[in-house]
S.K.: 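Below: one structure in structure tokens.
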There are 2 protein chains.
Amino acid sequence: MARQPIPTLSRRERQIMDIVYARGEASAAVVHEQLPDPPSYSAVRALLAILVDKGHLKYRAEQGRYIYSPTRRRSQVGRSALRRVLDTFFEGSLEKAVAALLQGSDANLSPEELARLGQLIEQARHEGR
Amino acid sequence: MARQPIPTLSRRERQIMDIVYARGEASAAVVHEQLPDPPSYSAVRALLAILVDKGHLKYRAEQGRYIYSPTRRRSQVGRSALRRVLDTFFEGSLEKAVAALLQGSDANLSPEELARLGQLIEQARHEGR
DNA sequence: ACCGGCATGCTAATAAATTAGCACGCATGG
DNA sequence: CCATGCGTGCTAATTTATTAGCATGCCGGT
């Protein structure tokens with residue numbers, strides 16, 4: 001059975017989803033080795049089955065094993081996750097979030113990325129008007 | 001007792017931390033009414049006590065009740081949460097994240113915010129050089 | 001001074017998450 | 001053809017999270 005209405009993931013479930021999203025797709029073995037403080041292989045597969053059941057993951061058989069991937073598009077889930085962080089920590093303001101990131105002690109952004117980012121903003125300004 | 005090494009929060013704990021971070025501080029009653037699918041008041045207070053015990057929240061007595069607030073600075077935790085989202089969904093690229101946000105269907109940013117953001121980027125470019 | 005309301009701390013029950021182990025099936029190579 | 005390795009599904013046990021209820025203490029009003 002599958003339900004989706006409540007995006008209520010447990011701790012382990014979230015960890016696994018993060019891994020799968022970060023990699024795009026992953027086998028049970030990969031998830032297992034990426035998991036922090038990893039439980040048994042068996043436990044990982046049980047979690048994967050739950051996530052499939054809940055409708056968050058799908059899988060395809062490839063070379064005798066299952067390769068899992070998210071059912072919802074990464075960009076969409078990412079946007080919503082980003083919004084949540086913005087709302088929770090930066091009063092919904094992208095500007096404040098970027099400012100915080102830029103103030104990070106260690107080096108963050110390459111000049112190239114900054115340039116592209118600036119271009120992006122300019123473009124949005126013109127379009128928005 | 002307090003431990004901190006593993007920032008492993010349960011579902012409810014995370015929900016509560018989000019509420020407290022979003023508001024800066026909150027009483028048990030406020031947390032209770034903000035919680036989605038709220039349990040009893042009693043349950044909420046138990047969770048708050050656990051979070052204090054784990055070292056994520058502190059409280060001060062005010063007007064006979066406890067006002068809870070995070071022990072770690074919001075900006076710092078926010079930055080780390082932001083990084084996590086970037087790494088998980090946008091290959092660590094702030095640029096890609098902003099792009100995704102700008103593409104959001106509904107209205108997102110005011111022209112003013114875009115302007116300030118652009119300024120911020122420019123400033124970073126000059127400083128970084 | 002007494003009562004009612006509200007907030008706390010504690011304790012114990014219930015529900016959910018997390019884990020491990022086992023049995024079966026398919027492919028590979030001796 | 002049979003044994004071995006690897007992957008799966010299932011089931012059941014344990015640990016953790018979540019919840020509710022109760023006893024106590026403080027404050028303000030009658």
Side-chain angles (χ1 to χ4, degrees), chain A residues 1-21 23-71, chain B residues 1-21 23-71:
Chain A
M1 277 304 147
R3 50 176 183 182
Q4 182 113 5
I6 330 175
T8 175
L9 295 181
S10 73
R11 189 176 98 260
R12 280 301 198 195
E13 289 169 357
R14 204 172 6 247
Q15 290 177 339
I16 291 181
M17 289 306 294
D18 280 359
I19 291 171
V20 176
Y21 270 118
R23 308 180 60 100
E25 60 180 34
S27 67
V30 168
V31 170
H32 181 232
E33 66 186 12
Q34 295 282 315
L35 261 189
D37 193 12
S40 73
Y41 186 70
S42 190
V44 172
R45 286 191 308 93
L47 268 305
L48 285 169
I50 290 174
L51 285 167
V52 168
D53 183 65
K54 285 193 178 176
H56 291 102
L57 291 181
K58 63 188 175 188
Y59 61 87
R60 65 174 196 280
E62 180 168 301
Q63 293 181 314
R65 91 196 90 222
Y66 287 174
I67 304 292
Y68 295 86
S69 54
T71 54
Chain B
M1 278 302 145
R3 50 175 184 183
Q4 183 114 3
I6 331 176
T8 175
L9 296 181
S10 74
R11 189 176 97 262
R12 280 300 198 199
E13 289 170 355
R14 204 170 11 238
Q15 290 177 340
I16 291 181
M17 289 307 293
D18 280 358
I19 291 171
V20 176
Y21 271 118
R23 307 181 59 102
E25 60 181 35
S27 67
V30 167
V31 170
H32 180 232
E33 67 186 10
Q34 295 282 316
L35 260 189
D37 192 12
S40 73
Y41 187 71
S42 190
V44 172
R45 286 192 308 91
L47 267 306
L48 285 169
I50 289 174
L51 285 167
V52 169
D53 182 65
K54 284 193 179 178
H56 292 102
L57 291 180
K58 63 188 175 189
Y59 61 86
R60 66 175 195 279
E62 179 169 303
Q63 292 180 318
R65 91 197 86 221
Y66 287 174
I67 305 290
Y68 295 86
S69 53
T71 53

S.K.: Could you list all N or O pairs between the protein and nucleotides 5-10 of chain C that sit under 3.5 Å apart?
M.R.:
residue: C:dA7; atom: OP1; partner: B:R65; partner atom: NH1; Å: 3.0
residue: C:dT8; atom: OP1; partner: B:Y66; partner atom: N; Å: 3.1
residue: C:dT8; atom: OP2; partner: B:Y41; partner atom: OH; Å: 3.4
residue: C:dG9; atom: OP1; partner: B:Y66; partner atom: OH; Å: 3.2
residue: C:dG9; atom: N7; partner: B:R45; partner atom: NH1; Å: 3.0
residue: C:dG9; atom: O6; partner: B:R45; partner atom: NH2; Å: 2.9

S.K.: What is the distance, to the nearest angstrom, from the CD1 atom on A:I16 to the C1' atom on C:dT19?
M.R.: 12 Å
S.K.: Rounded to the Å, how far apart are A:E13 CD and C:dT19 C1'?
M.R.: 14 Å
S.K.: Residues in ring-ring contact (aromatic ring centres under 6.0 Å, His included) with A:Y59, at least two apart?
M.R.: A:Y66, A:Y68
S.K.: Less than 4.0 angstrom between a side-chain N/O of B:S10 and OP1 or OP2 of D:dA17, yes or no?
M.R.: no
S.K.: Whole angstrom is fine here: how far is it from CG in B:L9 over to P in D:dT16?
M.R.: 16 Å
S.K.: With sequence neighbours left out, what residues match B:R23 under side chain to side chain donor-acceptor pair (under 3.5 Å)?
M.R.: none
S.K.: Write down the distance between CG (A:L48) and P (D:dG7), rounded to a whole number of angstrom.
M.R.: 13 Å
S.K.: Tell me the interatomic distance from A:E33, atom CD, to D:dC6, atom P, rounded to whole angstroms.
M.R.: 15 Å
S.K.: Whole angstrom is fine here: how far is it from CD1 in B:I50 over to C1' in D:dT15?
M.R.: 14 Å
S.K.: Below the 4.0 Å mark, does D:dT19 have OP1 or OP2 next to a side-chain nitrogen or oxygen of B:R12?
M.R.: yes
S.K.: How many whole angstroms separate atom CG of A:L51 from atom C1' of D:dG9?
M.R.: 16 Å
S.K.: Please give me the minimum heavy-atom distance between B:I16 and B:V44, naming the atom from each residue.
M.R.: CD1-O, 4.5 Å
S.K.: Looking at residues at least two apart in the chain, or sitting in another chain, which of them share a side chain to side chain donor-acceptor pair (under 3.5 Å) with A:R65?
M.R.: none
S.K.: According to side chain to side chain donor-acceptor pair (under 3.5 Å), who are the partners of A:E25, at least two apart in sequence or on a separate chain?
M.R.: A:R60
S.K.: Expressed as a whole number of angstroms, how long is the span from A:H32:NE2 to D:dG7:P?
M.R.: 12 Å
S.K.: Sequence neighbours excluded, which residues qualify as side chain to side chain donor-acceptor pair (under 3.5 Å) partners of B:Q15?
M.R.: B:R12
